[in-house]
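Report on the structure given below.
Just so it is clear: chains get the letters A, B, ... in the order the sequence lines come, proteins before strands, and each one is counted from 1.
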Amino acid sequence: MQEARLCAILEAALFAQAKPLALEQMQELFSIDENISRDSIEAALRQLQAFYQGRGVELVRIASGYRFQVPFSYAPWVSRLMEEKPQRYSRALLETLALIAYRQPVTRGDIEEIRGVAVSTQILRTLMERDWIRVAGHRDVPGRPALYVTTRQFLDSFQLTRLADLPPLSALRDLEQINAELELLDVGQETKTNDVDEVNDDE
Amino acid sequence: MQEARLCAILEAALFAQAKPLALEQMQELFSIDENISRDSIEAALRQLQAFYQGRGVELVRIASGYRFQVPFSYAPWVSRLMEEKPQRYSRALLETLALIAYRQPVTRGDIEEIRGVAVSTQILRTLMERDWIRVAGHRDVPGRPALYVTTRQFLDSFQLTRLADLPPLSALRDLEQINAELELLDVGQETKTNDVDEVNDDE
Amino acid sequence: MQNMSSTPQTEMPFALVHGRAMTELPEDLYIPPDALEVFLEAFEGPLDLLLYLIRRQNLDILDIPVAEITRQYLSYMEMMQSLRIELAAEYLVMAAVLSEIKSRCLLPRLHHDSAEEGEDPRAELVRRLQEYERYKQAALDLDALPVEGRDVFQAQVDVHDIHPARRWPDVDLAELLLALQDVLRRSELFESHTIGAEGLSLRERMADIVQRLQEDVLLSFAALFRLDEGRQGIVVSFMAILELVKEGLIDLLQAEPAGPIHVRRRQTQRLPVGE
C-alpha cells in the first residue's frame, strides 16, 4: 500500500472515532492481505503529525493512543460554539485529584491527613463520575478503606501518556538543614527527588 | 486577520463538533473587532476544501452548512473500527447447530423432535448467514423438507479439520466435569485481579 | 473555646483587634465582617490559612516565627468566633497545635545536644505545611494542563453513511458441546416415553462396521448407513462411527472441503467387545 493511502486511511479512522485509537486498533483495521506493519503505521502517524503542525487540529499521543484534537490556542473560538460552558474545577477537587494522582493508591484518610480538612463525598463522586479515579482495592486495615487510583481516562483528559509525565512535585526540605540552607542563600530548593517516579504506571 | 489563521480557526471550529456549521454560526465565532466578512469566510472554506481534496476527511457543503466527513471510499476501514461488540449466541442457536453437526443431514423437523421445541426460522437464517450450515438437499418425504448439513466454514470456525474431529458424544460427560473445574479456576482468577498495586485502568 | 483561653490574644476584645489591625495583621486580612464567611471559603483548611499567613510576609516555611504566626492565626479565629461564624473543627485543632508549639518554643532548652531536646518543636508542623504546599502546587500545575473538553477538544467528523462492520460472536467447541449435551439430556427424557423398542445396540453396530471394513479397505461414509433403518438407525450408525474413531479403530477421510467422506480401518486394531 502506498504511504499516502495509508496516511489517508489512518486519518479517516482517527477522525471517525470519537475516542483515541491505540496502535493495535489501527493495525486491526487492515486485513492480513494488506500486510501493514506496526512500523509503517507509526511512520504514517509521524507524517500526519508533521502535516497538521500549526493547523486547526493536531494529532496527539496520549495514554490510550492517538487522537486528533483542536489545540488549546483555538479554545477561545471553539468554546463560543459549545452550548455548555466548560466548568472550572474547585481547589478542593484539584487538590484531592493531585493527591490521588501523585500518591496513589491512597485512602480518603490519607488525603485528609495531608490537606488537613475533610474530603467531601461529593468531590470523590464527581471524580469518579468523570472517570478520573477509581477504587482499586481496599487497604488491609480496620474499616478496610477504599484505595483510590487514577484511571487511563484521567491521563487522556490531561493530555498525558503516563503518570511519569505529570509535572514534578516540589521537593520536601529538611528542617534540620534549615540554618545551613538559609545561610547558603537558599540554594537547591528544587533539586531534590520528586515523587513521580515512585508512582508506577502499567502502560 | 491573516487568511491562514482564519482557515485554522474555521478548521478548529468545524472539527470540534460533528454537526454541520452554518455560515452564520461561523461568523458569530468572531468578535466585531476581528472584522471577518462573510466573503472572507467563504474564501477560507474553499481553501480548506481544496486542501483536504483526496485526504481521509473532506469538507462538504450540505443544506444546513459545512461539515467534515469521512469520504465513503474509506468505509471498509472505518466500518471495521465501528464494529459493535458482538452479542453472544443464544442457547437455542447453539443447540440447533450442535444437532446439525452431529446428526447431519437433518431436517428442521428432526431438530424440533429432539429439542422438543420449535426451531425458529431466524436461527436457521443466522446459521446460514454465518455460513455454518447449508441445505444439502431435500428429504424425499411429503413436503420435501430441507436437509441441513454443516459447512467447511463451520469446521474452520471450530478449528476442526473434519467432522470426525468432533468429540464423540461419550466424551460429553467428561466435558461437564472439565467445565466445572474451569469455572472454579475462573472464580479464583477473578479475585486475584482485584489487586491494589495495579495503578492504571484498562477499560 | 478552651483552646483559645491559653493564649493572651483571647483576652483582647474584638474592637481592639480591629483597632490594631492595620499594624498587626497583614493588611488584606482585615476584611469587612460580612465578607469574612467568603474569606473563610477561600481557604482549603487551617494549613492553607497558615501558608497564607506565612507567605504574606515572605517568610520561609522552614523559619516560621511561631509566636507571631500563632498570634495572627488566633486573632483570625477570634474574629470568626465573635461573628458567630461556625468554624470547622480542623481550625480549632490547629489553634491548639500552634499554642502547644509556641509554649514548647518558649521553654528554655537545657541541653542543646541531648536527644530528648533534639527535635525542633516546629518540625512536625513544618513537615505538614511543606507536604500540603507541594500538593497545593501540584493541584495548580494540574489545573494548568490543557484539559480535554475545557481547553482542547476531541476532533470529530461525520460518519453517518458508514455503518459498523458485522462481527460475529465467537463460540468455542466446548460451548457447542455443552449445548448438545443439554439437548441430548432433554431428548432422553422425551424418548424414554416413545422409544425403547427399536433395540439397536451401539456396540453391535460398532462391531458390524468393523466387520465390514475388514472386507473392503476403504468404504464410503454413506455406505455405512442404511436408509431403511430410519433416523434412529442412522443415528446409531453415526454414533458407532464416532465411537470407533475415538477408540482409534477407524479413520474418516475427506479429500476436499464438502467432498465425500471415506472410512478406513486402522492397521493394528482390536475388535471391540460385543454386548
- request: Please name the pair of heavy atoms, one in A/Arg55 and one in B/Phe51, separated by the smallest distance, quoted to 0.1 Å.
  value: NH1-CZ, 3.1 Å

message: To check you understand the geometry: which heavy-atom pair defines the closest contact between A/Val78 and B/Ala16, and what is its length?
response: CG1-CB, 3.4 Å

- line: Okay, A/Leu21 and chain B: the region with an atom under 4.5 Å from a heavy atom over there is side chain

query: For B/Gln2, does the CD atom sit with more than 12 other heavy atoms under 6.0 Å from it, leaving out its own atoms?
result: no

Value rounded to 0.5 Å, distance of CG in A/Leu81 from CG in B/Leu29: 4.5 Å

- request: Under 4.5 Å heavy-atom distance to chain B, tell me which part of A/Phe154 shows up: side chain, backbone, both or neither.
  value: neither

statement: Rounded to the nearest 0.5 angstrom, the CZ-CD distance for B/Phe15 and A/Gln69 is 13.0 Å

Within 6.0 angstrom of A/Glu113 CD, more than 12 heavy atoms from elsewhere: no

task: Kindly check if the number of other-residue, nucleotide or ligand heavy atoms within 6.0 Å of CZ (A/Arg38) is above 12?
output: yes

Heavy-atom contact with chain A under 4.5 Å, split by part of B/Leu10: neither

message: Counting only non-hydrogen atoms closer than 4.5 Å, does B/Phe68 touch chain A with its backbone (N, CA, C, O), its side chain (CB onward), both, or neither?
response: neither

query: For A/Trp77 and B/Arg5, which heavy atoms make the closest approach, and how far apart are they?
result: CH2-NH2, 3.1 Å

query: So which of A/Cys7, A/Ala18, A/Gly56, A/Ala4 has the largest heavy-atom pair count under 4.5 angstrom toward chain B?
result: A/Gly56

Segment of A/Ile133 engaging chain B (4.5 angstrom heavy-atom cut-off): neither

Contacting moiety of A/Glu34, where chain B heavy atoms sit under 4.5 Å: side chain

field: A/Tyr148, part contacting chain B, at a heavy-atom distance under 4.5 Å
entry: neither

